Protein chains: 2
Amino acid sequence: MTCKQDLHNTLALVAQGLANGHRLTLLEHLAQSEASVERLANLADLSVGNASQHLQQLRRAGLVTAQRDGKQMFYRLTDERIITLLTLLRQIAETNLAEMERLLARLFADENASGEIKAMSRVELQAALETGEIALLDVRPQSEFAAGHLPEAINIPIDQLETMLTLLPRDKEIVAYCRGPYCVLSHEAVKKLRALGFKVRRFEEGFPEWKAAGLPVQRMELHS
Amino acid sequence: MTCKQDLHNTLALVAQGLANGHRLTLLEHLAQSEASVERLANLADLSVGNASQHLQQLRRAGLVTAQRDGKQMFYRLTDERIITLLTLLRQIAETNLAEMERLLARLFADENASGEIKAMSRVELQAALETGEIALLDVRPQSEFAAGHLPEAINIPIDQLETMLTLLPRDKEIVAYCRGPYCVLSHEAVKKLRALGFKVRRFEEGFPEWKAAGLPVQRMELHS
DNA sequence: TTATCATTCTATCAATTAATAGAATGATGG
DNA sequence: CCATCATTCTATTAATTGATAGAATGATAA
């Protein structure tokens, strides 16, 4: 009987890895690409020491692995399934927690206010990519784009959007995506581009979910 | 920026529901059927007060709902997806935590020791049920069987197994199942029945996983 | 209404966790 | 070998969590 309790305690250890907002933020960034402790600390707005400890807790929980490369320690998700786990957690939270709805309403405020077009689902996006009827825009930072992106996507980091408008078509609908459903980058991009007269909508998920679904991704070759 | 952190904190709240061995035990039992606080406290070997508090934490996490019926409060899972979430958590733990392997090795000790036949997968079981080549044995307590079970299953609670052997065929292979992969009941049943000369193996999952996969289940009609 | 019973609330204590700063480690490049 | 730099370890603090016992609540049945 103690054996089953031990099993549950060990399982709980994995869940405990997920049971902190900062660690979820770290996981969201790790879902884009592996990264060093320092980079993750910056992205998640944590001190390096604190980030290090959270990452070690994630490692103890079996959610990430670490690998030294020269001076730096690189962390990555152990598993594609962790993205699935996070997605499921998100979906359950969205349907069952009132607080979640309140926060999402705030995030999607612009979108709902003006009776906007709904974000595009993965299935719709797949179909639209095949017919070539849309242009795909990745608004994440260049480094994340380089580590992996959706096929045929153009990369314009959100802070360079205004200066690189010539890369975007006026005759096609544009679909913008970023890190995932809670990432604000694609929301911002849509808002900015709409104001400039582009026909544009969001992909409702992000790169990690696309990849975790087993769909094809591209990587930029780094000229070594 | 604080908004995204809030979202992650709220998501973390759900994960926190899962981040305790006792709560996982409670969820495992709730996956069988809804139950009162007292019943759950007994099943999970907790004091009623303590069980009540854990259940309320699960409720705050959006994992269970409560409904009063007369004097008693009945708790149930909010969602079939929670079983999927638990299964995914388990799978990730099994592949990524050494501790998990150690504990599972202990649980499956008998099975591995004697080079036993592997447990049956869900797909295999589905096929075998269609051809009718096996007999299906549910070794959970009668109340859980009544709340839902696999089609065509015979119910013999584990503690009555020896007294009801006549219900079991000698000419067919028997497949025993119980609450899930970590439940010891079907392991015990297999051990006992093997010793008595039956041809028997385990189903590697349990009733909740079968149900969550959308496969058909039966309920016993309660004559009111 | 009152007695009874299941459940929840409250207060308390011990144990665990998160954040911080500073020391220690360990790899690299001179 | 030594200096440098990224990361991890250590100690400390404040905050949170889990367990317990006993009081309070809320529904039922006499």
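Only a predicted model underlies this, so the values are computations on that prediction, with no experimental measurement involved. Letters A, B, ... are given to chains in the order of the sequence lines, protein chains preceding strands, and every chain is numbered from 1. Hydrogens, waters and symmetry mates are skipped; everything else that's a heavy atom, side chains included, is used.
- Ring orientation note: the planes of A/Tyr177 and A/Phe203 are nearly perpendicular, at an angle over 60° on the 30°/60° scale.
- For the pair A/Arg90 and A/Tyr182, the distance from NZ or CZ to the six-membered ring centre is under 6.0 Å and the angle to the ring normal is within 45 degrees.
- In the displayed structure, B/Arg102 atom CZ is contacted under 6.0 Å by more than 12 heavy atoms of other residues, nucleotides or ligands.
- Inspection of the A/Thr95 and B/Arg81 side chains reveals an N or O donor paired with an N or O acceptor under 3.5 Å.
- No side-chain donor from either of B/Thr78 and B/Arg59 sits under 3.5 Å from a side-chain acceptor of the other.
- Straight-line distance from the CZ atom of B/Phe74 to the P atom of D/dG26: 20 Å, rounded to whole Å.
- Note: CG (B/Leu26) to C1' (D/dA19) measures 14 Å, nearest angstrom.
- In this structure, the CD atom of A/Gln72 is 15 Å from the C1' atom of D/dT8, given to the nearest Å.
- Remark: B/Ser36, B/Val37, B/Glu38 in residues 34-42 of chain B come within less than 4.0 Å of DNA chain C through at least one heavy atom.
- Across all strands shown, A/Tyr75 has heavy atoms under 4.0 Å from sugar-phosphate atoms exclusively, and none from any base.
- Contact between the side-chain N/O atoms of B/Ser52 and the OP1/OP2 oxygens of C/dT8 is found at a separation under 4.0 Å.
- Checking side-chain atoms of B/Trp210 against main-chain N and O of B/Pro216 turns up a donor-acceptor pair under 3.5 Å.
- A donor atom on one side chain and an acceptor atom on the other are found under 3.5 Å apart for B/Gln56 and B/Ser52.
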> Could you run down nucleotides 16-30 of chain C 5' to 3' and tag each one B, S or - for protein heavy-atom contact under 4.0 Å?
Replying inline: -SSSB------SS--

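- Among A/Glu144, A/Glu209, A/Glu28, the single residue meeting the salt bridge (charged side-chain N to carboxylate O under 4.0 Å, His left out) criterion with A/Arg179 is A/Glu144.
- To the nearest angstrom, C1' of D/dT8 lies 18 Å from CD of A/Gln67.
- The distance between atom CG of B/Leu55 and atom P of C/dT7, rounded to the nearest whole Å, is 10 Å.
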